[in-house]
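For reference, positions follow the sequence shown, starting with 1. As the structure lists them, so they are numbered: ligands from 1, and atoms in each ligand from 1. These numbers come from the heavy atoms of this one structure, side chains and all, not from hydrogens, waters or symmetry mates.
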Amino acid sequence: MAFARKPAYPKRADPKHADPKHADPKHNVQAARQAYYDRIARHDMAPLWEKLRDLISNEPKTHCAPAIWRFKDVRALVLESAELISAKEAERRVLVLENPALRGQSRITQTLYAGLQLILPGEVAPAHRHTASAIRFILEGHGAYTAVEGERAIMSPGDFVLTPNWATHDHGNPSGEPMIWLDVLDLPTINFFETMFAEHLAEESQPVLRADGDSLAFYGSGVLPDGTPAAPNRSPVINYTYARTRPILERLRNAGALDRRHGARVRYANPINGGWAMPTMGAHLALLPAGFAGENYRATDGTIFVCVEGEGATRIGDETFAWSAGDVFVAPPWRHYAHAAARDAVLFSISDRPAQEALGIWREID
Ligand SMILES: [Fe+2]
């Protein structure tokens, strides 16, 4: 009979002439496993044990790279964009700051988007709202506004402006000079959850219902309008002005309240409950006094920094980035960094720390 000519199992081959594939029991195991993987793949299944070490690492692994965008290099490029497209046509005329290790993904860290926005005198960026939250940190110009839920915040350098989740916002520039600011949004986070909604208002600009500064006066002065809800998850203040915040850094310095990693630093807080200004993004403003040599620090939140005043340098991992006013740089999650300033410097910073804290996963270490 034909089948009787072959043994049921291959004979042990003479090692000199053996096919190494068949001789190697390891290969047989691999081949059997691969055949199994191929069969389960047809049912949209995969073996966890092949991926376990990638999925569960002993420490955070990041795909982000440290990077810097120097204002003296990028400012002219931002201004040049006005020759190519109007703010209205673009809806938002922004150059995205893409992490060099995450190009094409419109993000500066895995969870945050950042961009430099330009609005020229007379231009309007039309009213819309979306489930992504945004902040503006003003780099150059005076007198353009961001309107948020009926209040126009007139902006100046160093101002920190909020447009929270689903808050209607538009921008306009009635001043005589271009304005440039840094936008930071939680876009990658919202799109990770696949929860983006957006809509455009019929009118280009929303009606003005309150005076500039009303929200800061109503909610940021140690008193609250009677009947204010006690636990909003975002701040009612629309503009934390630099004029108001900067002198507090001096007071902290004079009081000797200097953190050995962060300098004299304040946290932008929700004045109603002391929490973060927004649930997905948290920001700080820090004064590094002349001669400051910060100690090494790291935390699980990748952090975007902006130099507002002065100059200095930050070592991130084994690279050192010198910075001056208007520069934006990013430190990846869980990467050591240390700031130094030869003369007084002010650094703004923002990260996804509130979201990590809400999930119970944020950690820091000296
Ligand atoms: Fe927007």
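- Side-chain contact of D170 with Q206: a donor-acceptor pair under 3.5 Å is present, judged by distance alone.
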**Message:** Could you walk me through whether H130 and H169 satisfy the ring-ring contact (aromatic ring centres under 6.0 Å, His included) test, starting with their C-alpha distance in whole Å, then the side-chain angles of each, then the deciding distance to 0.1 Å, before giving a yes or no?
**Reply:** CA-CA 9 Å; H130 35 69; H169 55 281; 4.8 Å; yes
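- In this structure, F305 has its ring center at least 6.0 angstrom away from the ring center of F348.
- Side chains of E91 and H128: a donor-acceptor N/O pair is present below 3.5 angstrom, by distance only.
- Contacts of A277 classified as side chain to side chain contact (heavy atoms under 4.5 Å, CB included), with partners at least two apart in sequence or in another chain: L162, S235, Y240.
- Checked by atom type, the side-chain pair W334/T62 shows no donor-acceptor distance below 3.5 Å.
- Protein atoms of type N/O/S that fall under 2.8 Å from the Fe ion (ligand 1) number 3 in this view.
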